[in-house]
Amino acid sequence: MVLYACVYLLIINLIGLGLMRSDKTRAKGRKYRIPERHLFITAVIGGAAGVFAGMRLYRHKTKHAAFYIGIPVLLFVQLVLLGVLWGKSMG
């Protein structure tokens, strides 16, 4: 069970990172953008670390309060939940 959760988290965070990169590239090229809603949904379902890494790595969405406040809060909540679940699985 823990292995499946780890694989899921790895995949969803890679997707989040990729979405941020793709949206940044599209923004530079003035092309159709990825809706912010999709970025947030990805973060909410476990990809907050990937989206946050994309924000920092690509300097993307860093001036939007919903992102520079919301994504770190989601990441914190997900890390706390992960710690709680990890603790329960070990004990």
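The figures here come from the full heavy-atom set of this structure, side chains too, leaving out hydrogens, waters and symmetry mates.
- Listed by chain and residue number, Asp23 satisfy the side chain to side chain donor-acceptor pair (under 3.5 Å) test with Arg33 (two or more places apart in sequence, or in another chain).
- Connection of Leu39 to Ile69 is established within a shared hydrophobic cluster, with ILVMFWY side chains joined at heavy-atom distances below 4.5 Å, either directly or through further cluster members.
- Considering CE of Met55 and CG of Leu17, their distance stands at 12.5 Å, rounded to 0.5 Å.
- The main-chain N or O of Lys61 is never found under 3.5 Å from a side-chain atom of Glu36 such that the two would form a donor-acceptor pair.
- Here Met90 sits in one hydrophobic cluster together with Val2, Trp86; the rule is ILVMFWY side chains under 4.5 Å apart, joined directly or through other members.
- Every residue meeting the side chain to side chain contact (heavy atoms under 4.5 Å, CB included) condition with Thr25, not counting sequence neighbours, appears here in chain and number order: Arg21.
- Qualifying side chain to side chain donor-acceptor pair (under 3.5 Å) partners for Ser22, counting only residues two or more places apart in sequence or in other chains: Arg26.
- Linking ILVMFWY residues whenever their side-chain heavy atoms come closer than 4.5 Å, directly or via other members, places Ile15 and Val7 in the same cluster.
- Two different hydrophobic clusters hold Leu14 and Tyr8 under the rule that ILVMFWY side chains link at heavy-atom gaps under 4.5 Å.
- Within the model, atoms CG of Leu82 and CG of Leu9 stand 6.0 Å from one another, a figure rounded to the nearest 0.5 Å.
- Looking at every heavy atom in both residues, Gln78 comes nearest to Ala48 through OE1-CB, 3.3 Å.
- Under a hydrophobic-cluster definition in which Ile, Leu, Val, Met, Phe, Trp and Tyr are linked whenever side-chain heavy atoms come within less than 4.5 Å, directly or via other members, Ile11 and Leu85 are assigned to different clusters.
- Here ring-ring contact (aromatic ring centres under 6.0 Å, His included) pairs that include residues 39-77, with residues two or more places apart or in two chains, are Phe40-Phe67.
- Leu74 CG to Leu79 CG: the interatomic distance, rounded to the nearest 0.5 Å, is 11.0 Å.
- Contact record, Val51 with Gly16: CG2-CA, 3.9 Å, taken as the closest heavy-atom pair.
- By the side chain to side chain donor-acceptor pair (under 3.5 Å) test, Arg56 pairs with no residue at all, sequence neighbours left out.
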